[in-house]
Amino acid sequence: MPGENTKILIVEDEWKIARFLQMELEHEGFQTATEANGRQALDRIMQEDFDLVLLDVMLPEMNGVEICRRVRELSDIPIIMVTAKDDIEDKVTGLDTGADDYITKPFATPELLARIRAALRKHRPGQLPAEENELHIKNLVLFPTRYEVRVNQEPVELTKKEYDLLEYLVRNKNMVLDRDRILQEVWGYEYMGNTNVVDVYIRYLRCKLDEQYGQKYIHTVRGVGYVVKD
């Protein structure tokens, strides 16, 4: 699997969020561990063998920025800050302290996975399998790190959300996905809108892909949801 033998420490004091991240990453093949306390997280990062850290900012005993600063004194382990804070000053502080990237809650799982892969590649160039760079379905190719889609080598213009939806469907090709699951994965666990948004974006994708190229990529399973098939 893509993340096999890659161990990620999730530092998050909200249990539901930590568990959500753990389940998603393990589904992708990563090994995971969780820690809710800032000071204990620092000890684990320095003592255990992790490949990447997902680090929340607001933590008990020691905040994520201070953890990042101390880790950077001794280690270049990839660190992605994960926080509900959306203030530009917080982002700048985190990056200036040495974080590799910064993602704000709520976020879509495909985006987080792309950021994780990019951070791992930066620190371990050439060690990730080549197929991680491309996803294939029929004559369609996705390049996750570039948010790029090509059909018959021709670029397809998609919005960020259209791309996220397509990548999620393709990563789970031949699996029937219900609307609630798609909504949670692509729009985020805190999304409070109507599930009709999934149908709307499926129509957008069909217009740009199925209709444009005369191929049926996305199939409807009545009463359940959608599936992409080889």
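We use all heavy atoms of the structure for the numbers below, so side chains are in, but hydrogens, waters and symmetry mates are not. All figures in this text were calculated on a predicted structure; none of them were measured in a lab. Start at 1 with the first residue, then count along the sequence.
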Just wondering, do [Y] and [X] contact through their side chains at under 4.5 Å, heavy atoms?
X    : Y    : result
R117 : P144 : yes
D56  : I10  : no
L140 : V156 : no
L166 : L209 : yes
W187 : V198 : yes
L169 : I202 : yes
E12  : T34  : no
V71  : L55  : no

Minimum heavy-atom distance between D199 and R179, given as atom pair plus value:
OD1-NE, 2.8 Å

Inter-residue atom distance [X].[atom1] - [Y].[atom2], 0.5 Å rounding:
X    : Y    : atom1 : atom2 : result
T109 : E28  : OG1   : CD    : 8.5 Å
Q215 : I137 : CD    : CD1   : 10.0 Å
R39  : L59  : CZ    : CG    : 12.0 Å
I79  : I67  : CD1   : CD1   : 9.0 Å
I80  : C68  : CD1   : SG    : 11.5 Å
I116 : I8   : CD1   : CD1   : 4.0 Å

For [X], side-chain contact (heavy atoms from CB on, under 4.5 Å) partners two or more places apart:
X    : result
N172 : H27, Y168, M175, L177
V141 : E134, H136, F143
R44  : L9, A33, E35, E48, F50

Across all chains, not counting sequence neighbours, the salt bridge (charged side-chain N to carboxylate O under 4.0 Å, His left out) partners of K173 are D230

Salt bridge (charged side-chain N to carboxylate O under 4.0 Å, His left out) against D13, all qualifying residues, sequence neighbours excluded
none

According to salt bridge (charged side-chain N to carboxylate O under 4.0 Å, His left out), does anything in residues 202-217 pair up with another residue at least two apart or in another chain? List the pairs.
E162-K208

What pairs of residues pass the salt bridge (charged side-chain N to carboxylate O under 4.0 Å, His left out) test when at least one of them lies in residues 67-82, not counting sequence neighbours?
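Output for this query lists E66-R69, E66-R70, R69-E73, R72-D100.
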
Go through it in stages, so that I can follow the logic: the residues are E185 and E24, the test is side chain to side chain contact (heavy atoms under 4.5 Å, CB included), and I'd like the CA-CA distance, side-chain angles, deciding distance and then a yes or no.
CA-CA 9 Å; E185 296 293 341; E24 294 302 310; 2.8 Å; yes

Would a distance-only check, ignoring hydrogens and angles, find a side-chain to backbone donor-acceptor pair under 3.5 Å from E14 to K16?
no

What do the steps show when you test F107 against R115 for side chain to side chain contact (heavy atoms under 4.5 Å, CB included), and what is the final call?
CA-CA 11 Å; F107 50 81; R115 290 173 182 269; over 6 Å; no

Does Y226 have any ring-ring contact (aromatic ring centres under 6.0 Å, His included) partners at least two apart in sequence or in another chain, and if so, which?
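Listed in chain order: nothing, the list is empty.
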
Contacts of type ring-ring contact (aromatic ring centres under 6.0 Å, His included), residue Y213, not counting sequence neighbours:
none

Between Q153, E148, E154, which is the residue that forms a side chain to side chain donor-acceptor pair (under 3.5 Å) with R150?
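Checked Q153, E148, E154 against R150; only one passes side chain to side chain donor-acceptor pair (under 3.5 Å): E148.
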
Note: D49-K7 ion pair, threshold 4.0 Å (strictly below):
no

For V170 and Y217, run side chain to side chain contact (heavy atoms under 4.5 Å, CB included): C-alpha distance rounded to whole Å, both residues' side-chain angles, the deciding distance at 0.1 Å, then the answer.
CA-CA 9 Å; V170 173; Y217 300 99; over 6 Å; no

Applying side chain to side chain donor-acceptor pair (under 3.5 Å), name anything that partners D164, two or more places apart in sequence or on another chain.
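In terms of side chain to side chain donor-acceptor pair (under 3.5 Å), with neighbours along the sequence ignored, D164 is linked to K160.
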
With sequence neighbours left out, what residues match Q22 under side chain to side chain donor-acceptor pair (under 3.5 Å)?
R19, T32

Starting from M23, can I reach W15 by hopping between I/L/V/M/F/W/Y residues whose side chains sit under 4.5 Å apart?
no

Which other residues end up in the same hydrophobic cluster as V227, if Ile, Leu, Val, Met, Phe, Trp and Tyr are linked when side-chain heavy atoms come under 4.5 Å apart?
V176, V221, V224

L25 and L54: side chain to side chain contact (heavy atoms under 4.5 Å, CB included), yes or no, with the steps?
CA-CA 11 Å; L25 293 177; L54 290 180; 3.8 Å; yes

